[in-house]
*Asks:* 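Encoded as structure tokens, here's the structure I'll be asking about.
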Amino acid sequence: MKRISLVQVGFGTVGGAVIGQVLDQRERWRTSLGIDVRFVAVAGSRGAAVAEGDDGLEEPWLQALVHGRQTGEAGLNGEVSLVDALPSIAGSGPTIVFDAAAGEATADIDEAALKSGAGVVLSNKAPLALPLADPRSQVMWSHTGSRGRLMYEATCGAGLPVISTLQSLIDTGDEILEISGTVSGTLGAIFSSVATGTPFSTAVRDALAQGYTEPDPRDDLSGLDVARKGLILARTMGQEMDLDDIDVTSLVPKELAGVSVDEFLERIESEDHSIRLKSSDAISADGTLKYLLRWIPDGGVSVGLGTVPRETVLGALQGPENIVSFRTRRYDQYPCVISGPGAGAEVTAAGMVSDMLHLAQRL
Ligand SMILES: NC(=O)c1ccc[n+]([C@@H]2O[C@H](COP(=O)([O-])OP(=O)(O)OC[C@H]3O[C@@H](n4cnc5c(N)ncnc54)[C@H](OP(=O)(O)O)[C@@H]3O)[C@@H](O)[C@H]2O)c1
């Protein structure tokens, strides 16, 4: 039986679901996969806890932490640094870190884990989108690839097999000719609504009310999240580029970038007219307006509004679903298409857990 120590960084929507799925399945993995996993450390933004004994953190404590019953995250210590603790954790046996936090701050933990010999699984895009000049970026990207210790399926399309498909196309010697898709569930929902005649501002407010957007919808509308996914796909293909190299068309007017969320939601009506015109033009051309991610070999990554023919899979897509289409030398006339829900706690967590199970075999 192979023992694997798990470290959970970030236990919000996705991280909480990761802990839940591991606790649910670990007994089965002992018999079906011959691996025995246990959480030995957990970190949130305000502190960390590291197990003292060999048995890892206790299940009721983890359950309570995830369900928020330990008010104020009692048991997490603001003085404990995972960066300092990782060499000793990883030194005592195969270790895998789940980075389900948000933002770049956890890049130090990811780097420390890799340098200590541990594996890292991310749903958090930001550490993988750091500039290449950042030494942590070099460490992380040097550990990607089919034999590496860093996996990141959930960073693009949540649980959908987007990254693994791309890696397998590359590993088998195919040539990628074009990648196109809609990889923001939020923007997918908004533009499906716009296509039926709903004003853009109403579609944004509806998406916020239905919980599709971030609390500040500008985080989605800026296109940064889609650009990060495009960057991750491009770097997966070995391209050395930074976020600055991506042509991003933001849907946030410059004058509304700094105002409060409420004021933004009131004043975003200013965009209704131009978006309605673009949508009508698309419809007259038998197409539909979408917020698209596109990569071509000589043109790099571009992110913004575009018209796609309605009869294509991409054009027919409705609501928050994601779709990524790989046109390659082998999949030329009919591209290789992956579609399905591109967000959600359970599917995203499952993408991370699946990466962890793959890494567990490699460590
Ligand atoms: N939700 C989805 O469907 C989905 C899909 C694909 C990918 N993702 C990505 O997965 C990540 C997690 O998403 P989520 O929806 O679970 O977000 P979330 O609910 O906001 O959870 C993020 C968690 O990360 C913690 N955190 C923030 N900074 C940290 C730090 N420096 N060290 C340790 N923990 C830190 C936060 O703690 P505090 O609450 O204490 O700040 C919070 O518990 C994000 O990067 C997101 O982009 C999400």
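In what follows, every heavy atom counts, from backbone to side chain, and hydrogens, waters and symmetry copies are set aside. Predicted model only: the values in this text are computed from it and were never measured. Read the numbers this way: they start at 1 and go in the same order the structure lists the ligands and their atoms.
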*Asks:* Hey, does the side chain of Gln138 reach the backbone of Leu132 with a donor-acceptor pair shorter than 3.5 angstrom?
*Replies:* yes
*Asks:* Is there a donor in the side chain of Gln167 and an acceptor in the side chain of Ser146, or the other way round, less than 3.5 Å apart?
*Replies:*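 Result is no, nothing qualifies.
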*Asks:* State the atoms of ligand 1, each with its element, that fall below the 4.0 Å cut-off from a heavy-atom position in Ala343.
*Replies:* 3 (O)
*Asks:* Quick check: Val9 and ligand 1, any N/O pair under 3.5 Å apart?
*Replies:* no
*Asks:* Which of the numbered atoms in ligand 1 are under 4.0 angstrom from any heavy atom belonging to Ser123?
*Replies:*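 Near Ser123, the atoms of ligand 1 are 7 (C), 8 (N), 9 (C), 10 (O), 11 (C).
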*Asks:* I need the atoms of ligand 1 closer than 4.0 Å to a non-hydrogen atom of Lys125, numbered in the order shown.
*Replies:* 47 (O)
*Asks:* Over all heavy atoms of both residues, which pair between Met241 and Leu231 is shortest? Give the atoms and the distance, please.
*Replies:*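 Between these two residues, the closest heavy atoms are O-CD1, 3.3 Å.
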*Asks:* Looking at Phe39, is its backbone amide N or carbonyl O close enough to the side chain of Gln8 to form a donor-acceptor pair, meaning the two atoms are under 3.5 Å apart?
*Replies:* no
*Asks:* Should the proximity of Ala126 to ligand 1, defined as any heavy atom under 4.0 Å, be assigned to the side chain, the backbone, both, or neither?
*Replies:*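 Answer for Ala126: neither.
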*Asks:* Can you tell me if CD on Glu52 sees more than 12 non-hydrogen neighbours from other groups inside 6.0 Å?
*Replies:*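 No, because the 6.0 Å sphere around CD of Glu52 holds 12 heavy atoms or fewer from other groups.
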*Asks:* Does only the side chain of Thr348 get under 4.0 Å from ligand 1, or the backbone, or both, or neither? Count heavy atoms.
*Replies:*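 For Thr348, the contact with ligand 1 is made by the side chain alone.
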*Asks:* Considering only heavy atoms of Gly12, which atoms of ligand 1 have at least one such atom less than 4.0 Å away?
*Replies:* 16 (O), 19 (O), 21 (O), 23 (C), 43 (O)
*Asks:* Ignoring hydrogens and angles, state whether a donor on the side chain of Asp206 or Thr198 is under 3.5 Å from an acceptor on the partner side chain.
*Replies:* no
*Asks:* Can you sort out which atoms of ligand 1 are near Ala105, meaning under 4.0 Å from one of its heavy atoms?
*Replies:*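 In order of number, 31 (N).
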*Asks:* Would you name the heavy atoms of Glu311 and Asp286 that are closest together and state the gap between them?
*Replies:* OE1-O, 4.5 Å
*Asks:* Among Ala101, Ala48, Gly10, whose heavy atom sits nearest atom 11 (C) of ligand 1?
*Replies:*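 When every heavy atom of Ala101, Ala48, Gly10 is considered, Ala101 comes closest to atom 11 (C) of ligand 1.
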*Asks:* Pull out every atom of ligand 1 sitting under 4.0 Å from any heavy atom of Phe11, numbered as shown with elements.
*Replies:* 43 (O)
*Asks:* Between Trp141 and Tyr152, is the ring centroid distance below 6.0 Å?
*Replies:*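 Yes; Tyr152 has its ring centre under 6.0 Å from that of Trp141.
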*Asks:* If the contact criterion is a heavy-atom separation under 4.0 Å, does Ala102 count as touching ligand 1?
*Replies:* yes
*Asks:* Side chain or backbone, does Gly15 bring an N or O within less than 3.5 Å of an N or O on ligand 1?
*Replies:* no
*Asks:* Take Val7 and Val42, measure what side-chain contact (heavy atoms from CB on, under 4.5 Å) needs, and give me the verdict at the end.
*Replies:* CA-CA 6 Å; Val7 174; Val42 179; over 6 Å; no
*Asks:* Can you sort out which atoms of ligand 1 are near Asn124, meaning under 4.0 Å from one of its heavy atoms?
*Replies:* 45 (O)
*Asks:* Would you check the N or O atoms of Asp225, main chain and side chain alike, for any that come under 3.5 Å of an N or O of ligand 1?
*Replies:* no
*Asks:* Would Thr106 count as a polar contact of ligand 1, with the cut-off being nitrogen or oxygen pairs under 3.5 Å?
*Replies:*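 Between Thr106 and ligand 1, no N or O pair is found under 3.5 Å apart.
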*Asks:* As an exercise, identify every atom of ligand 1 less than 4.0 angstrom from a heavy atom of Gly344.
*Replies:* 2 (C), 3 (O)
*Asks:* First locate atom CG of Asp219, then atom CD of Glu214, and finally report the distance between them rounded to the nearest 0.5 Å.
*Replies:*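 Separation between the atoms: 5.5 Å.
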